[in-house]
Amino acid sequence: MKFPLTFEDYKSLYYYIKLVREFEESILRLYRQSKIVGGAFTGYGNEATSVGSAFCLNKNDYLFPMHRDIGAHFVKGQSVKKIMAQHLARATGPAKGRDGTGHYADADLRIFGNISHLGAMIPMATGMALASKLKKEKSVALTYIGDGGSSIGDFHESLVMASVMKLPLILIIENNQYAYSTPISKQFNVEKLSDRAIGYGIPGFTIDGTDVEEVIKITNEACERARNGDGPTLIESITMRMHGHSAHDGAEYVPKELMNEWKEKDPVINFEKKLIDKKIISNEFKIETESKIKKEIDEAIEFALNSPFPNGEDALVGLFSE
Amino acid sequence: MKFPLTFEDYKSLYYYIKLVREFEESILRLYRQSKIVGGAFTGYGNEATSVGSAFCLNKNDYLFPMHRDIGAHFVKGQSVKKIMAQHLARATGPAKGRDGTGHYADADLRIFGNISHLGAMIPMATGMALASKLKKEKSVALTYIGDGGSSIGDFHESLVMASVMKLPLILIIENNQYAYSTPISKQFNVEKLSDRAIGYGIPGFTIDGTDVEEVIKITNEACERARNGDGPTLIESITMRMHGHSAHDGAEYVPKELMNEWKEKDPVINFEKKLIDKKIISNEFKIETESKIKKEIDEAIEFALNSPFPNGEDALVGLFSE
Amino acid sequence: MPIINYIDAISKGLWEEMERDKNVFIFGQDVGDYGGAFKVTKGFIKHFGAERVIDAIIAESAIIGAATGAAVAGMRPVVEMQFSDFVTNGFSQLVNNTASIHYRWNLSCPIVLRMPTGAGVRGGPFHSRNTEAWFFHQPGLKIVAPATAYDAKGLIKSAIRDDNPVLFLEHKRFYRNIKDEVPDEEYIVEIGKGDIKKIGSDISIITYGGTLHQSIEAAEKIEKENGVSVEVVDLRTLAPLDIDIIISSVKKTGKVLIVHEDNLTGGIGGEISALIIENAFQFLDAPIKRVAAFDIPTPYSPTLEDYFLPNTNKIYSALLNLSKL
Amino acid sequence: MPIINYIDAISKGLWEEMERDKNVFIFGQDVGDYGGAFKVTKGFIKHFGAERVIDAIIAESAIIGAATGAAVAGMRPVVEMQFSDFVTNGFSQLVNNTASIHYRWNLSCPIVLRMPTGAGVRGGPFHSRNTEAWFFHQPGLKIVAPATAYDAKGLIKSAIRDDNPVLFLEHKRFYRNIKDEVPDEEYIVEIGKGDIKKIGSDISIITYGGTLHQSIEAAEKIEKENGVSVEVVDLRTLAPLDIDIIISSVKKTGKVLIVHEDNLTGGIGGEISALIIENAFQFLDAPIKRVAAFDIPTPYSPTLEDYFLPNTNKIYSALLNLSKL
Ligand SMILES: Cc1ncc(C[n+]2csc(CCOP(=O)(O)OP(=O)(O)O)c2C)c(N)n1
Ligand SMILES: Cc1ncc(C[n+]2csc(CCOP(=O)(O)OP(=O)(O)O)c2C)c(N)n1
Ligand SMILES: [Mg+2]
Ligand SMILES: [Mg+2]
């Protein structure tokens, strides 16, 4: 990616950020209609972080998104249809119904979705960064972790490893103020989580995760360092989980004032406003984009709902590579 | 403990530091005589750290020594005989032959020896610190980890937990330049391991681990903070593993110059010299102490060698508390 | 007698034990104000305070290790894994430290690890684990797996009073789906004792946890439709195993079907089969059969998960086959 | 044919595969200049360079996770655990990520995890683990446990060529104590195939790894002293199990002794027993018996460890009892 951003970049970012918001609204609707068999997560408030960070990646970079990062999937090239089919546990999703939501891999797009165990993808991303180094690919591996998940041992082990081996790893802590019901005050006792970078001897940044330009600027620099052989970067992105933990959770434990404060910083609304104010996009373009997205999502829903569930017997196929 | 140190304290420290050195020499002799059935570790170079840190503890503080910390066992009140019997896998050792070396617990003395899995004792020490807090005991829990072992997830998880819960935990990283054959340059990429404290929002110190007074001063302050409810402290103690990893290892991978450099900093020789130079102890006291120690060790060896191995059938007793 | 939900039985048992012994405390993610992901400890923090109902960071190794340390220091922690699956992150602590404390140190380690367990709730591969086989193989751990509200309450109380580490496998599919009679009076269910949930004479089903109710259903169906009398042995405790109740049922019936929700291969059904062979070979009239989940991770999609899991029909078919041998 | 040590057979196999495929690399603590704690990779770094023989930090979860990631990205990592015991620290990665990659992602994950395994070397509770039962129960992992130099070399090569995760359990007691004929020519031993190490007709011993040689000794002794003919089946691969070789031996002899060094309860002997019952019940002339380690952690003191472990005498006694049934 080249920085600064071009007009085309802004338009593209606008499309993705709006797409995420609309996609997640549709997921919540499907959830309320009992069309989703398991849990449903959204990344409300995290759109700028997930879209902006993935925007910095090349085709052959490795992406390991977490459960608030549907935006990153889209930016890396995944189709709305496939992600929708994933959420609806259909045979046409990339995981063929074996797992849901963002839990799948697409090797062509180099997207490797998470498993539920928090932190578990950081070592794997570190390993792809190692593979990149051994193969002299210049690919970076980008992954994420929550404020809560950053307590897990895998976080530490991976950063020690990536730092001492100078691996092209970028880890973004999505500090969205809560881990399920638990506020960050009960999870760690440090002003900035990016200060953990000091202990690993790597660059660390705390950024406004609702500002897509800031996200891109800092992630892009991290990519450059990684590609130049300068090792990993730790970025703490400050956001707000503007919904409950998952669709079943009303988040009554979040003080109203806090939620209202953060509504002012809504990354989608603010980005749109800024683009229009600065005349980077027109009102026409907005309406066009919105209707394009609506169409895409409607088609995806139709595609997914019309897709079959996998055949039961197929459960037994493919445990091993033959 | 009161700081600064009294004359009696210095004499006591001198005794322990010399005891450790002599004890470990005797272990190596027994190893060469094939009287030790498994491995044998020494803490050559680490005497000031293990003795000095444990010296700060009260009777009801919790001690979790590691494999270079025989000195801490002695200071906390363990008898030379019992430790010797441990090393010789006898029924008279506190673990009754079920495990060797420092791997045992003595609940009365509040000594909880390590298991082999590096890092595994840090969460347990954290838990005793939690118990201390819940019971309002004002006891601290002191434990150690190697430079190599500090990469393990348990290190991170425990410090996050102890910091956010303000638990009276003290963790000393014994940075002795090597983890088995691997130099620290291949283990981490940061100037001072104590900088990890920054990321946990706790005090961190890097100290000269060959200087018993410095060790005591810093550990003692950490104890005071812990007892006052101010939470954990991370201390990096810089020392040298002046022997191989264990008795079988000749440490040929350590550059001669490096070893020679560190010989100048031998904590036992230097402490002795300083005490004599400063006239804190007399040559007489030195000779007395040495012969007392020799006698103690000889008696311990005799005791241990005359102790029976456990009966084979006893292996099946005591898996559960009845 | 009042009929209550499985989940409420657990809550009540916990509550009573916390009232009884001030050293008991709750430790786990979101267990405080939120009351835990499944709301087992809802309301506890108000009554018992934040020093006895403690929200934990997301770090299962530190949680299990710290609880172990606290237990050795005289407390009685009851740890909640948010889902049983996440115990893998604290595996080393559990099998190395916790399990062997008494053997190595001759000290008690009274810790209870509550684990919302099992499949059938569309949880996918990482929220559906049955973890018992791993720990069943680890000397030094007790494991209980109640399938009724009565047993759940009786066993959580016993688990808390036990001076050893006890894994308490509570099936998450049962929380609000299984209800039965639970007396208001104080009682416990002894660890190490199975229970005959249905008496029969032709075939013995040996089962526990997630497949108990399906086993009973299948047994009732074959009795009604085919006149085959099936005894259903609910192990309740997996470690230590109640070998006596198994063997006496087998001696009576001569035919055995072992049923568990966990994957077949290396599941505890194998050990049970081996023990029956070792202890009652001459009483067997037919090979011992097993019904269990297939050897794959738990898939997410309903069609796949339903195919993968044992169910009443599969158990019924296996009984029918056995009855003809 | 040259006779070489078990440990040298592993080294040679590794060396040949690294020559053959440049994507193969070694990853583990002290594997570089030092050549590993047991010196399996001594000299490798000089020949293959530091990019293919990589010293790892002490962090087994990151090691296994990173190797898994590298494998999915097209490399073929061979990971060394310094001792099998420490795999518990990477347990979550292994059973959650590594094992299910192909099932969930339809991608290959060609990783080999070498684990110096087993007891009898005075290693105490934390340097003596037999870890197979845990992983045997996890769908998606292959497990091999060679007991001869020939099998060790043939299996390490197959493991590296396999597109799936393979756990390679190398018994540390065998490294310099077991030697046998290993051809200079290229060969492999197929994963999934057991081997009859001694032909016999009265009793079948089913064993693997740590107890193979004691089983053969006991079989020879009872043949000489009591005229009982014992067949010794060496499983070599534990997952997937070679059920055919087991069943055909059992059909021939009608009596079975299962022997493993791992703790008895929940060990893979239970599963083998259950499979025999399910597949060859009518051929059995006596109950299946097992010899295994007692259900305690591995104790350190020689008297305790010797009492705890299976040995030739215990196997001989069990055979003698079986022969009289
Ligand atoms: C190892 C592990 N422990 C517990 C859980 C249960 N769990 C799922 S999400 C969650 C909260 C995560 O919070 P955070 O990391 O801050 O991410 P967020 O959901 O806020 O984006 C918890 C505790 C888990 N998935 N993995
Ligand atoms: C989890 C784990 N992995 C590997 C080992 C094997 N091992 C034992 S000691 C050691 C080196 C330890 O180095 P360090 O932590 O620096 O302590 P030192 O021995 O130098 O005091 C290793 C790798 C272990 N005991 N535990
Ligand atoms: Mg969060
Ligand atoms: Mg060291």
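Convention: sequence-line order gives letters A, B, ...; per-chain numbering from 1. Owing to the predicted nature of the structure, the values given are computational and were not obtained by experimental measurement.
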What parts of residues 81-89 of chain B touch chain D if we use heavy atoms and a cut-off under 4.5 Å?
B/Gln86, B/His87, B/Ala89
Which atoms of B/Asp154 come close to chain D, meaning under 4.5 Å heavy atom to heavy atom: side chain ones, backbone ones, both, or neither?
neither
Heavy-atom distance under 4.5 Å between the side chains of D/Thr303 and B/Pro308, does that happen here?
no
Measure D/Glu305 against the heavy atoms of chain B and call it side chain, backbone, both or neither at under 4.5 Å.
neither
Reported OG-to-CD distance for the pair B/Ser116 and D/Gln82, which is rounded to 0.5 angstrom
11.0 Å
Report, as yes or no, whether the 6.0 Å neighbourhood of atom NZ on D/Lys39 holds more than 12 heavy atoms from other residues, nucleotides or ligands.
yes
Okay, side chain of D/Tyr307, backbone of B/Leu316: is any donor-acceptor separation there less than 3.5 Å?
no
Supply the atom-to-atom distance D/Phe308 CZ to B/Glu313 CD, rounded to the nearest 0.5 angstrom.
15.5 Å
Highest number of heavy-atom pairs under 4.5 Å with chain D among B/His117, B/Gln187, B/Arg98 belongs to B/His117
Please determine whether the number of non-hydrogen atoms from other residues, nucleotides or ligands lying under 6.0 Å from atom NZ of D/Lys221 exceeds 12.
yes
Chain B heavy atoms under 4.5 Å from D/Phe86: which part of the residue, side chain, backbone, both or neither?
both
Rounding to 0.5 Å, atoms CZ (D/Phe126) and CG (B/Leu118) come to a distance of 12.5 Å
For B/Ala179 and D/Ile58, the nearest pair of non-hydrogen atoms, with its separation, is CB-CD1, 3.8 Å
With a 4.5 angstrom heavy-atom cut-off, which part of D/Ala62 approaches chain B: side chain, backbone, both or neither?
neither
Of D/Asp295, D/Ile57, D/Asp306, D/Asp30, the largest count of non-hydrogen pairs under 4.5 angstrom with chain B goes to D/Asp30
Where does B/Ile152 contact chain D at under 4.5 Å (heavy atoms): side chain, backbone, both or neither?
both
Identify the heavy atoms of D/Ile296 and B/Ala315 that sit nearest to each other, and give their distance.
CD1-O, 3.4 Å
B/Pro310, B/Ser150, B/Gly318: which one forms the most heavy-atom pairs within less than 4.5 Å of chain D?
B/Pro310
Worked verdict on D/Phe294 versus B/Leu319 for side-chain contact (heavy atoms from CB on, under 4.5 Å):
CA-CA 11 Å; D/Phe294 286 111; B/Leu319 179 62; over 6 Å; no
Looking at side-chain heavy atoms only, is the closest gap between D/Tyr300 and B/His103 below 4.5 Å?
no
Part of B/Tyr253 within contact of chain D (heavy atom distance under 4.5 Å)
side chain
Contacting moiety of B/His248, where chain D heavy atoms sit under 4.5 Å:
side chain
Which heavy atom in B/Val37 sits nearest to a heavy atom in D/Arg122, and how many Å separate them?
O-CB, 3.5 Å
Contact class of D/Asn89 relative to chain B, heavy atoms under 4.5 angstrom:
side chain
